[in-house]
*Asks:* 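First the structure, then my questions, so here it is.
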Amino acid sequence: MAEGFDVDAPTLSRYVMQNTKDHELTILLNTLATSFKLIASAVGRAGVAQLYGLAGEVNSTGDDQKKLDVMSNDMMINALVNSGVCSVLVSEENEEPIFVPVEKSGKFCVAFDPLDGSSNIDCNVSVGTIFSVFEKKEGTVDDLLRSGADCICAGYCAYSSATELVFTFKGGSVEGFCLDPTIGEFVHTRVNMKFPADGGKRIYSCNEGNYIHWDQPIKDAVEAFKSSEKPYSARYVGSMVADIHRTLLYGGIYIYPADKKSPKGKLRCLYEGIPMALIIEQAGGIASTGLFEGKIGRVAELTPDAIHCKCPIIMGGPRDVGVVYDCYKKHGVET
Ligand code: P6P
């Protein structure tokens with residue numbers, strides 16, 4: 001390392017080329033990285049370029065679309081459609097799937113939330129992009145209605161004090177890359193990320209505004225964290241990428257359960273639940289649905305029945321997820 005300069009920068013492109021012989025997958029990751037650079041630039045200049053505020057439309061979730069939602073979505077779609085390696089795209093911002101023209105299509109299907117947490121953008125809170133990648137089968141939307149078992153790559157990009165990409169290949173390690181703005185490249189900064197083996201910091205992360213809607217075991221579990229002899233801190237950003245990134249790095253538990261208000265949970269299965277579940281599990285954590293459709297299962301095993309379907313999520317390590325499971329057991333639920 002020359003003074004402040006790395007003459008052998010471990011870039012994302014180098015990592016991908018060293019870890020896959022699939023050149024189309026390399027093209028896809030570079031395309032995604034370019035999208036994230038564009039989004040990071042727009043998010044970083046939002047205040048100066050008057051990009052705050054509403055775009056005047058509503059998205060598939062029924063959320064008011066922010067100007068940056070529309071821009072980020074356009075950036076992702078244009079880059080992926082023109083990459084030559086995608087066939088079907090699903091975006092949180094689009095009610096219907098996007099089918100790539102046959103002359104530009106390739107073997108991947110990508111689901112993404114281009115700017116997750118964007119309701120926070122106007123007050124400068126961290127936001128992010130979340131994505132999951134599947135191999136094309138028929139070139140129809142069914143190619144994306146598959147469980148995490150068929151997901152070949154998943155990850156997120158956090159736009160915050162740093163722009164940080166965290167992703168994993170199917171069955172692989174979880175790796176982190178920070179954008180170095182001086183060279184415009186994502187550089188490998190976190191190798192083989194692991195969820196803290198002892199559970200990490202005692203942090204519980206949930207929207208307690210939903211407390212009255214929760215089922216009793218979830219209420220009991222959050223009360224257990226509050227009254228623990230070893231005190232827990234409450235941390236909730238309300239931007240999934242920020243909350244999950246902190247949970248992955250520091251430990252603790254993130255809970256967005258199915259409840260009376262959201263019987264299937266609130267978060268989207270295909271481009272929030274499944275990708276985050278693969279990241280957490282492949283880093284050694286647990287990604288549970290909690291009690292959902294009569295049983296307690298893994299988020300990664302859920303098969304979406306529609307591109308915008310929802311799922312509950314309880315993510316953490318054995319120490320804290322075990323507290324939730326003990327509460328379910330006390331209410332006669334098999335865990
Ligand atoms: P609530 C943002 O809208 C989002 O999809 C996630 O980024 C975030 O974790 C969650 O919803 C916040 O939901 O109900 O707590 O506002």
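One-based numbering, in listed order, for ligands and for the atoms of each.
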*Asks:* Just checking Phe186 against Tyr15, ring centres under 6.0 Å apart?
*Replies:* no
*Asks:* Is Asp243 reaching over with its side chain to a backbone N or O of Arg246, donor-acceptor style, under 3.5 angstrom?
*Replies:* no
*Asks:* Backbone or side chain, does any N or O of Met240 fall under 3.5 Å from an N or O of ligand 1?
*Replies:* yes
*Asks:* Compute whether any side-chain donor of one residue and acceptor of the other, for Glu92 and His308, lie under 3.5 angstrom apart.
*Replies:* no
*Asks:* Give the atom numbers and elements of ligand 1 that come within less than 4.0 Å of a heavy atom of Gly117.
*Replies:* 2 (C), 7 (O)
*Asks:* Under the salt bridge (Lys or Arg N to Asp or Glu O under 4.0 Å) criterion, do Arg146 and Asp143 qualify, and how do the steps go?
*Replies:* CA-CA 7 Å; Arg146 293 147 77 180; Asp143 291 356; 5.0 Å; no
*Asks:* Between Val241 and ligand 1, find which residue part has any heavy-atom pair under 4.0 Å and reply side chain, backbone, both or neither.
*Replies:* neither
*Asks:* Which atoms of ligand 1 have any heavy atom of Asn207 under 4.0 Å away?
*Replies:* 1 (P), 14 (O), 15 (O)
*Asks:* What I want to know is whether Tyr256 and ligand 1 share at least one N or O pair that is separated by under 3.5 angstrom.
*Replies:* yes
*Asks:* Compute the minimum heavy-atom distance from Asp243 to ligand 1 and say whether it is under 4.0 Å.
*Replies:* no
*Asks:* Is there a donor-acceptor pair closer than 3.5 Å between any side-chain N or O of Ser228 and the backbone N or O of Ala224?
*Replies:* no
*Asks:* Got the closest protein heavy atom to atom 15 (O) of ligand 1, with its distance?
*Replies:* Tyr236 OH, 2.6 Å
*Asks:* Is the contact between Tyr271 and ligand 1 made by the side chain, the backbone, both, or neither, using heavy atoms and a 4.0 Å cut-off?
*Replies:* neither
*Asks:* Does ligand 1 have a heavy atom under 4.0 Å from the side chain of Glu272, from its backbone, from both, or from neither?
*Replies:* side chain
*Asks:* So between Lys266, Lys310, Glu92, whose heavy atom ends up nearest atom 3 (O) of ligand 1?
*Replies:* Lys266
*Asks:* Purely on distance, is any nitrogen or oxygen of Tyr254 under 3.5 Å from one on ligand 1?
*Replies:* yes
*Asks:* Following the transitive rule for hydrophobic clusters with a side-chain heavy-atom cut-off under 4.5 Å over Ile, Leu, Val, Met, Phe, Trp and Tyr, establish whether Tyr156 and Leu29 coincide in one cluster.
*Replies:* no
*Asks:* Side chains of Val125 and Val237: does their closest heavy-atom pair fall under 4.5 Å?
*Replies:* yes
*Asks:* What protein heavy atom is closest to atom 7 (O) of ligand 1, reported as residue, atom name and distance in Å?
*Replies:* Asp116 OD2, 2.4 Å
*Asks:* Give a yes/no on ligand 1: does Gly238 have at least one heavy atom closer than 4.0 angstrom to it?
*Replies:* yes
*Asks:* Compute the ring centroids of Tyr250 and Phe195, then answer whether they are less than 6.0 Å apart.
*Replies:* no
